[in-house]
Structures are given as C-alpha cells and as structure tokens.
Amino acid sequence: MREINASIAVDKRLWREDIEGSRAHAAMLGKQGIISVDDAEAIDRGLLQVAAEIEAGGLSENPALEDIHMHIEHRLRELIGDAAGRLHTARSRNDQVATDFKLFVRRAIDEAIAGIDSLESVLIDRAEQQAASVMPGFTHLQSGQPVTLGHHLLAYREMLVRDRSRFLDARKRMNESPLGSAALAGTGFPIDRDDTAMALGFYRPTANSLDAVSDRDFAVDYLHAAALCAVHLSRLAEEIILWASQPFGFVKLPDAWSTGSSIMPNKRNPDGAELVRGHSARIIGDLVGLLVLLKGLPLAYAKDLQDDKPPLFDAHDLLSVSLAAMAGMMADVEFLPERMRAAAAAGHATATDLADWLVSEADIPFREAHHIAGRAVAAAERAGRPLNELVLDELKAIDLRIDEPVLPRLSVEASVASRRSAGGAAPERVREAIAAARAQIAAREKE
C-alpha cells in the first residue's frame, strides 16, 4: 500500500508551487487572526528555508511521507516546531494539490508561449531571407503550383499563432484559485479567498468548492494545446526529413542537427527532426490518457487524480525540448533554393497559369480551359520538356486560341509573381505578411 500510495517520486516537481501556495495561505491566516502573527511569520521563514534547502541540495525522498506536501510540512516542523502544524488550518490536501497543480500548469503555459515565440521569430527571419525563392507547392505530395519558400515557412507561422492563442485561452480560463475550498465543502474558518487568490496571481477564487478540488480541465486544456502544437511541429519536422533526403535535396542539415550511421559513413540522419516527430505521438497519448483517467470520476476528489501529473509533466518536458530543437534546427538549416526551383519547374506546375490565361484572355470557360491545359501537359511529357519550354507552334497545335502573350506567363517566377491575392504566394505579398507579423509581435510586446 505504501508503494502504490506514494507519489513523491512524481509530485516532488511541485515543491516551488507548494511553498508558494503555503506562504500565501499562512499570510492570510495571520491577517485574518486565525493563527497568530508570530506563528504566520515563523511559518513563512521556515518555508523560505525549506525552499533554499531544496534548491541547494534537492529533496530527500521518504516514501512514508507519501507526497511533496507532507515532505515540506515534515521538514517545516523540524525547523520551527509545533507552529508548523497550524499551516494546515482551513486547508485540505485536496485544495492544496489543486492549487499547486494550477500554478505549475500556468507556468508551463508561459514556457510554451515563450518557446512558440522563439520558433515564430526564427520562421519569420528565414521567410524574409527566402521571400522570393521559388519552390514547388504540393498537394498529395505531388507538385501542384509554384510558391515561394518564404510563403511556405509563413504557413507554419500561422499554425504557431493559433497554438499561442490556444495556450493563452487556456491560461485565462484556468486562472481561478482553488485554495480555500478545503476538502470539498469549503471551511468554517473566516478565511479571505480573495486575498490568497490575489497573492498567487489568480483573477479570483473558484466559485464552487466541489468543482474546485475535482477539476482538471485546466490540465486537459494544456494537453490539448500541447498535442496540437506538437502535431504542427511534427508536420514541419516531416518536411525537413523529406527535404533533407537525396531525392528532394531541398535542404542540408548541419552536423549539429544530424547524426551519422554506426555502419554507413555516407549517412547524415535527421535525428533531431525525427525525434520531434516521435515526441508528438507521446504528447497525443498524454492527452488521451488524462481524458480516460477523468471520464468515470464522480465528485469530488478521488485518488485516481494522483495520476494526473505524469502525463502533464511528460508533455511539458517533450514540448519544451521539441520547440527548442525545432527553433535551433530552423535557424541553422541550409536551404538549397536552386534545387527547389528546379523541382518547381520540372512538374509542369504552371499548367494552371495556362488555364487561367485562356479564361481571362480568350474568354474560354474554365472547365474547357482546364482540359486544354491538360493536353498541353501531356504534350510536354511526350516531348520530355517542361511546359514552359514548349514553343508557340506546339501550343497552337493543341488549341489555336493559345497565343504568344501566354508564353511569359508559363515560367515559375511569373506564376509566383501573379499570385497577388490576399494571402497569396507572390513575393510582394510574402513581404507584406512578414511586415504584418513583425507588427503583431511588436504590439504583443507592448501589452
């Protein structure tokens, strides 16, 4: 029973939050006259000493003390004597752990946002460098239309902006203090929950004591945001893995972000990207694990909730290292735009431009123009040349309405430059998007 009941090996990570919550609680008890001012001050000094000891030398784990809350209270009693026993007045481990966990998750959200911001900054910088570099735009992993590398990188920036907003929304929603809810019904002591909520940086106390001690929505919110962010990182990692392969050859990974083979000296393996891709699976599993843990729990607290922390701690650690690794990788990766441009030109990717020209200049319905452009692609494939290298006579043999003004429109550069609609791939639009992104970041920093 002692082995299954003890959680100190996991929840020792909450020592900072436990001491922070206990200091706020003790100060409030002293202000309200529930304990003496002398005892409140002694408790505060003792908690600061416990914190200094753990910071300096770690925590000596004792399974008999079960969890981090008992470890800290036990050491506090050794330091200040019986006054330590007054700390738990008007408080239960149920509201104590809920408060500690919320403080940890709130800090985890702030760290995730900082990691997202770092990667976002890298993507914007690299997009600016490659605003006009032509590459294939894919659907079904088949070359579709030419885009720019800058436009492609900014697509991931948009994903990160949404990830950031999800973490911010989760932070706002969770920022209510459970402290003072006690075991499940509140307390008869004249506590001031607004005081402790303000001291701990919460907006307000929670409204219902039963919900407060059993709620883990905030952890699910974090894990959902983390899982979706990890999926976005995995998609970017997958692109880097593909681009670094010899058939693509779009990027070269520096030695710092790749590894060699134990047997094949020619190999440069994208292990960093592959690990980011792999971590996403575990983070998704962490989300599912917590949801399943919660699905059958009646109100209020049940010991099942002791298992709420391992999935969140795991996801926090994995997301932190994944964001940092991806930011470092994207900052250092060497893009090979010549190879990208050659791939864009090789896939007859300007066929849509031919169809668009027939619609706008020859007044042909798009469906018919689409078929004409398809026949032009087939002719290019038979000739073994890119579409834009077919001469006018070859195009007129397909349809007499094709005329000389279309020829300059069939280069990949012209195709990209024509995509000037809002949010499009034209270099001028990419540069506008970069300027807008930097303005958003500047406004964010002033808030």
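All values derive from a computational prediction rather than experimental measurement.
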Show, in sequence, the C-alpha distance, side-chain angles and deciding distance for Leu291 and Leu287, and conclude whether the side chain to side chain contact (heavy atoms under 4.5 Å, CB included) test is met. CA-CA 6 Å; Leu291 286 170; Leu287 169 61; 4.0 Å; yes
If every non-hydrogen atom of Val321 is compared with every non-hydrogen atom of Leu318, which pair is closest and at what distance? CG1-O, 3.3 Å
When the aromatic ring centroids of Trp243 and His152 are compared, is their separation below 6.0 Å? yes
Show your reasoning for whether side chain to side chain contact (heavy atoms under 4.5 Å, CB included) applies to Glu66 and Asp11. CA-CA 10 Å; Glu66 187 179 333; Asp11 62 28; over 6 Å; no
Ion pair check, Arg268 and Asp255, cut-off under 4.0 Å: yes
Is it true that Arg235 and Glu238 have a side-chain N and a carboxylate O under 4.0 angstrom from each other? no
Side chain of Ser418, backbone of Ser415: donor and acceptor closer than 3.5 Å? yes
Could you tell me if the side chain of Gln306 sits less than 4.5 Å from the side chain of Asp67, heavy atoms only? no
With distance as the sole test, does His224 use its side chain to make a donor-acceptor pair with the main-chain N or O of Val220 at under 3.5 Å? no
Assess Arg216 against Phe101: is NZ or CZ under 6.0 Å from the centre of the six-membered ring, and within 45 degrees of the ring's axis? no
Can you see whether Ser22 engages Arg91 through a side-chain donor-acceptor pair at a distance of less than 3.5 angstrom? yes
Going through the distances and angles, do Asp221 and Arg173 end up as a salt bridge (charged side-chain N to carboxylate O under 4.0 Å, His left out)? CA-CA 9 Å; Asp221 275 351; Arg173 194 160 40 248; 2.9 Å; yes
Is it true that the NZ or CZ of Arg16 lies under 6.0 Å from the centre of Phe104's six-membered ring and within 45 degrees of the ring axis? no
CZ-CD1 distance between Arg444 and Ile113, expressed to the nearest 0.5 angstrom: 9.5 Å
Go through it in stages, so that I can follow the logic: the residues are Arg204 and Asp194, the test is salt bridge (charged side-chain N to carboxylate O under 4.0 Å, His left out), and I'd like the CA-CA distance, side-chain angles, deciding distance and then a yes or no. CA-CA 6 Å; Arg204 62 189 72 86; Asp194 289 303; over 6 Å; no
What's the verdict on salt bridge (charged side-chain N to carboxylate O under 4.0 Å, His left out) for Glu128 and Arg438, showing C-alpha distance, side-chain angles and the deciding distance? CA-CA 11 Å; Glu128 189 168 40; Arg438 294 198 190 284; 2.7 Å; yes
When you measure from the side chain of Thr148 to the backbone N and O of His151, does any donor-acceptor pair fall under 3.5 Å? yes
Greater than 12 external heavy atoms within 6.0 Å of Lys295's NZ: no
Hey, mind stepping through Arg419 and Asp353 against salt bridge (charged side-chain N to carboxylate O under 4.0 Å, His left out) and telling me if it holds? CA-CA 10 Å; Arg419 308 296 171 187; Asp353 297 273; 2.9 Å; yes
Looking at Lys172, I want to see if its NZ is surrounded by more than 12 non-hydrogen atoms of other residues, nucleotides or ligands under 6.0 Å. no
Would you call Leu233 and Leu119 a side-chain contact if the rule is heavy atoms closer than 4.5 Å? yes
Answer yes when Glu368 and Arg401 have at least one side-chain N-carboxylate O distance shorter than 4.0 Å, and no when they do not. yes
Is a donor from one side chain sitting under 3.5 angstrom from an acceptor on the other, for Thr206 and Arg193? yes
Do Thr196 side-chain atoms and Ala24 backbone N/O form a donor-acceptor pair below 3.5 Å? no
Does Asp271 offer a backbone N or O that forms a donor-acceptor pair with the side chain of Asn269 under 3.5 Å? no
Carboxylate-amine/guanidinium contact Asp163 Arg166, below 4.0 Å: yes
Hey, is Glu17 close enough to Arg107 for a salt bridge, meaning N to O under 4.0 Å? yes
Ignoring hydrogens and geometry beyond distance, is a side-chain donor-acceptor pair present between Glu120 and Tyr156 at under 3.5 Å? no
So, the side chain of Arg126 versus the backbone of Val333: is there a donor-acceptor pair under 3.5 Å, distance only? yes
Step by step, work out the side chain to side chain contact (heavy atoms under 4.5 Å, CB included) result for Glu428 and Arg420. CA-CA 8 Å; Glu428 63 186 281; Arg420 292 190 294 272; 3.0 Å; yes
Salt-bridge present (Arg106, Glu111; N to O < 4.0 Å): no
Tell me if a side-chain donor or acceptor on Lys102 pairs with a main-chain N or O of Ser177 at a distance below 3.5 Å. no
State whether the side chain of Asp95 and the backbone N or O of Gly180 hold a donor-acceptor pair below 3.5 Å, judged by distance alone. yes
Main-chain N/O of Asp211 paired with Asn208 side-chain donor or acceptor, under 3.5 Å: yes
Parallel, tilted or perpendicular: which fits the ring planes of Phe248 and Phe250, with parallel below 30° and perpendicular above 60°? perpendicular
Is there a donor-acceptor pair under 3.5 Å between the side chain of His348 and the backbone N or O of Leu387? yes
Val122/Met329 under side chain to side chain contact (heavy atoms under 4.5 Å, CB included): CA gap, chis, key distance, verdict: CA-CA 10 Å; Val122 170; Met329 203 179 314; over 6 Å; no
Would you say Pro337 and Gln130 make side-chain contact, with heavy atoms under 4.5 Å? yes
